[in-house]
Amino acid sequence: MARTAAIERNTKETKISLSLNLDGGPVELQTGIGFFDHMLTAWAFYAGFGLTLRVEGDLYVDGHHTVEDTGICLGMAIKEAVGDRKGIRRFASSYVPMDEALCFTALDFSNRPYLVFDAEMPQERIGAYDSCLTVEFMRALADNAGITLHQKCLYGANAHHITEGLFKSLGLAMKEALTVEGNRVVSTKGVL
């Protein structure tokens, strides 16, 4: 069974088109924010996802709508592609060191969205990307995918390294959690 989704979302602030394949494929994306493209490419690569993404956002304002709305759409696509969650491992975690920074992600594809985010950003900007947007992306993704998501930077001095460690650890944890091991829902309730 194909674990894929396609999302089109148009608002007064953003125009987003994406296709997602949880089981792999090419990664081709453009959001208009170079650093964000770099993070999404790393995330998709470490998750083992195929992703085609095009975003036209109101970057003349700032990057907030582009980043948050991308998180919304990616979350919606993940939720659709995962389906009834039968057979997936469900839980996973990952540590990623990025030079001086050490980042951690733990998640549960519980269908109960929640975000705990503990990562101070020492610099306000990373190129054209406001480092405070990382938490906005993670919140939008978790809320729309139905994921309980915990992320922490244990230590670090460079916002680029911290952000990259968070995105990479998210990808690695998603890859593990979405691995299909059987045909039952991993829940004592029998449903997620």
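FYI, side chains are in, hydrogens and waters are out, and symmetry mates aren't considered; it's all heavy atoms of this structure.
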Derivation of the side chain to side chain contact (heavy atoms under 4.5 Å, CB included) call for Phe167 and His38: CA-CA 10 Å; Phe167 273 88; His38 178 44; over 6 Å; no
Atom pair CG (Leu170) and CG (Leu141), whose distance is rounded to the nearest 0.5 Å: 6.0 Å
Ser131 (side chain) donor-acceptor with Gln123 (main chain) under 3.5 angstrom: yes
Minimal non-hydrogen separation, Val27 against Ala44, with atom names: CG2-CB, 3.9 Å
Listed pairs under 3.5 Å, donor-acceptor, residues 69-80 side chains, sequence neighbours left out:
| residue | atom | partner | partner atom | Å |
| --- | --- | --- | --- | --- |
| Asp69 | OD2 | Arg9 | NH1 | 3.3 |
| Asp69 | OD2 | Thr14 | OG1 | 2.6 |
| Thr70 | OG1 | Thr66 | O | 2.6 |
| Lys79 | NZ | Asn111 | OD1 | 3.2 |

Gap separating the CG atom of Leu107 from the CD atom of Gln151, nearest 0.5 angstrom: 8.5 Å
Cluster overlap Leu166 with Leu29, hydrophobic side-chain contacts below 4.5 Å: yes
Steps toward side chain to side chain contact (heavy atoms under 4.5 Å, CB included) verdict (Lys12, Asp58): CA-CA 9 Å; Lys12 291 180 180 179; Asp58 57 357; over 6 Å; no
Cluster overlap Tyr46 with Phe35, hydrophobic side-chain contacts below 4.5 Å: no
Approximate separation, where rounding is to 0.5 Å, of Met174 CE and Thr179 OG1: 12.5 Å
Under 3.5 Å side-chain donor-acceptor pair for Asn21 and Thr4: no
Nearest-0.5 Å distance, CG of residue Asp130 to CZ of residue Arg125: 4.5 Å
Donor-acceptor contact below 3.5 Å, side chain Arg54 vs main chain Thr31: no
Donor-acceptor pairs are to be reported for all side-chain atoms of residues 90-97 against protein atoms at under 3.5 Å, with residues two or more places apart or in another chain.
| residue | atom | partner | partner atom | Å |
| --- | --- | --- | --- | --- |
| Arg90 | NE | Asp108 | OD1 | 2.6 |
| Arg90 | NH1 | Val186 | O | 2.7 |
| Arg90 | NH2 | Asp108 | OD2 | 3.1 |

Results of salt bridge (charged side-chain N to carboxylate O under 4.0 Å, His left out) for Lys15 - residues two or more places apart only: none
